[in-house]
Every structure is written in C-alpha cells, then in structure tokens.
Amino acid sequence: MSTVVSTQPIDVVRAIYDAFASRDLERILELMDPAIVIEQDPALPWGGRFEGHDGFGRFSLTLLGLIDSAVTIESMFQAGEHVVQHGRTAGTVRATGAAFDIAECHVWRVVDGRAVEARYFIDSVAMLDALAVA
C-alpha cells in the first residue's frame with residue numbers, strides 16, 4: 001500500500017487526480033475513506049448520492065459507461081479541510097460520439113489524509129444537451 005507524502009488536503013486531492021489520470025483504482029480507493037460520500041446533480045444519468053467504496057464504484061461505472069472524458073485542472077486551492085478544484089471536463093459521449101467540453105468544479109473534504117466527501121458540479125444543462133445529441 002502506498003502512502004501520501006503529505007496529509008495536507010490539497011496534496012491528497014492532487015494525488016487523487018493523478019491516480020484518476022493513470023486509472024489507478026487501487027490508489028484512488030487508498031486515498032478515499034471507506035465511508036466517502038460522493039454527490040453530483042441527480043439530473044445526470046450518473047448523478048445522485050453515493051456512499052462508500054461500493055458507491056464510488058457504482059458512480060464510476062455508470063459515468064464511464066456513458067462518457068469518455070478527462071478533467072483539466074485550471075485552479076485548485078485549499079480552505080481548511082476543503083479543497084476546491086475548478087476546470088473543464090472534455091470528451092465524448094460513448095453512444096453518439098458527440099464531443100463536449102464543459103466547465104466543472106469539484107469540492108473535496110479531506111480528513112486525516114483521506115477524502116471523506118466529494119461534491120462534483122458541472123454545467124448540467126450543457127452535459128444533458130451533449131448526451132441528447134443523436
């Protein structure tokens with residue numbers, strides 16, 4: 001099991017994004033508390049509230065089944081145990097090949113070196129529009 005060099009919330013979140021980029025599921029789960037809570041707009045097909053590593057798995061499988069995307073981080077800052085990441089998510093809708101490039105903001109809460117909450121915000125209207133393109 002690898003360890004985080006720093007338990008500072010911003011370093012933990014950076015390590016999570018690095019693990020997402022390299023598709024290192026084991027590392028992602030290591031950096032997330034077993035009771036993590038993930039929330040995204042329930043209007044999205046992968047949206048809602050998900051709890052624990054199993055919930056993260058359900059969220060991720062639904063998301064990855066519908067879109068192929070990557071996050072580009074434009075800014076990130078720490079405020080206490082919270083980390084705010086602002087950027088863009090860009091990719092394609094798997095069913096149609098429709099391209100999208102949408103603003104997003106993720107708000108994380110990190111306690112004792114592990115993410116305990118992740119709230120994902122995107123321009124839901126734009127994402128739903130991209131999903132609806134035939």
Side-chain angles (χ1 to χ4, degrees):
M1 182 186 227
S2 20
T3 57
V4 176
V5 174
S6 167
T7 59
Q8 284 297 307
I10 198 163
D11 295 329
V12 172
V13 172
R14 281 188 181 121
I16 290 170
Y17 285 105
D18 288 346
F20 275 128
S22 64
R23 301 194 187 276
D24 185 347
L25 180 60
E26 183 177 331
R27 182 71 172 140
I28 293 167
L29 293 177
E30 178 183 302
L31 294 164
M32 291 183 172
D33 190 87
I36 189 164
V37 173
I38 296 164
E39 291 186 355
Q40 189 160 24
D41 183 352
L44 296 166
W46 54 83
R49 179 183 170 95
F50 301 87
E51 297 181 15
H53 287 172
D54 287 343
F56 169 74
R58 284 190 309 278
F59 167 82
S60 297
L61 286 173
T62 303
L63 175 74
L64 295 173
L66 294 169
I67 63 173
D68 180 23
S69 66
V71 169
T72 300
I73 298 170
E74 294 177 352
S75 65
M76 186 184 306
F77 63 89
Q78 180 176 327
E81 61 188 17
H82 288 90
V83 176
V84 177
Q85 179 275 136
H86 169 260
R88 301 198 66 81
T89 183
T92 57
V93 176
R94 291 190 186 280
T96 63
F100 60 87
D101 183 351
I102 299 171
E104 56 78 15
C105 180
H106 299 163
V107 180
W108 297 83
R109 188 165 71 91
V110 176
V111 176
D112 295 330
R114 286 192 170 174
V116 298
E117 289 179 3
R119 300 188 192 282
Y120 301 140
F121 301 94
I122 66 171
D123 182 342
S124 296
V125 172
M127 188 73 249
L128 289 168
D129 285 348
L131 289 167
V133 173

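Keep in mind it's a predicted model, so treat the numbers as computed, not measured.
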Heavy atoms of Thr92 and Gly97 approach each other most closely as CG2-O, 3.9 Å
Counting C-beta onward and ignoring hydrogens, is there a side-chain heavy-atom pair between Arg27 and Ser22 closer than 4.5 Å? no
Could you list the donor-acceptor pairs under 3.5 angstrom formed by side chains in residues 60-78, with sequence neighbours left out?
{"from": "Ser60", "atom 1": "OG", "to": "Phe56", "atom 2": "O", "distance (Å)": "2.9"}
{"from": "Thr62", "atom 1": "OG1", "to": "Arg58", "atom 2": "O", "distance (Å)": "3.0"}
{"from": "Gln78", "atom 1": "OE1", "to": "Ile10", "atom 2": "N", "distance (Å)": "3.1"}
{"from": "Gln78", "atom 1": "NE2", "to": "Gln8", "atom 2": "OE1", "distance (Å)": "3.4"}
{"from": "Gln78", "atom 1": "NE2", "to": "Gly80", "atom 2": "O", "distance (Å)": "3.1"}

Heavy atoms of Ile28 and Ala19 approach each other most closely as CG1-CB, 3.5 Å
Are the side chains of Phe121 and Glu104 in touch, meaning some heavy atoms are under 4.5 Å apart? no
So which atom in Ala130 and which in Val93 form the shortest heavy-atom distance, rounded to 0.1 Å? O-CG2, 3.5 Å
Test of understanding: with ring pair (Phe, Tyr, Trp, His ring centres under 6.0 Å), list the residues that count as partners of Tyr120, not counting sequence neighbours. Phe59, His106, Trp108
How would you list all residue pairs meeting salt bridge (charged side-chain N to carboxylate O under 4.0 Å, His left out) that involve residues 75-89, not counting sequence neighbours? Glu81-Arg109, Arg88-Asp101
Between His82 and Val107 the two heavy atoms that sit nearest each other are CD2-CG1, 4.2 Å
Contacts table for residues 36-44: side-chain donor-acceptor under 3.5 angstrom, sequence neighbours left out:
{"from": "Glu39", "atom 1": "OE1", "to": "Arg119", "atom 2": "NH1", "distance (Å)": "2.4"}
{"from": "Glu39", "atom 1": "OE2", "to": "Arg49", "atom 2": "NH1", "distance (Å)": "2.6"}
{"from": "Glu39", "atom 1": "OE2", "to": "Arg119", "atom 2": "NH1", "distance (Å)": "3.3"}
{"from": "Gln40", "atom 1": "OE1", "to": "Trp46", "atom 2": "NE1", "distance (Å)": "2.9"}
{"from": "Asp41", "atom 1": "OD1", "to": "Ala43", "atom 2": "N", "distance (Å)": "2.9"}
{"from": "Asp41", "atom 1": "OD2", "to": "Ser124", "atom 2": "OG", "distance (Å)": "2.7"}

Hphob cluster co-occupancy, Ile16 + Leu25, side-chain heavy atoms under 4.5 angstrom: yes
Cluster question for you: counting only ILVMFWY and a side-chain heavy-atom cut-off of under 4.5 Å, with indirect links fine, are Met32 and Val84 together? no
Name of the residue among Asp129, Ile102, Leu128 meeting side-chain contact (heavy atoms from CB on, under 4.5 Å) with Asp123: Ile102
What's the verdict on side-chain contact (heavy atoms from CB on, under 4.5 Å) for Asp24 and Glu26, showing C-alpha distance, side-chain angles and the deciding distance? CA-CA 6 Å; Asp24 185 347; Glu26 183 177 331; 3.8 Å; yes
Co-members of Val116 in a cluster of I, L, V, M, F, W and Y side chains, linked at under 4.5 Å: Val111
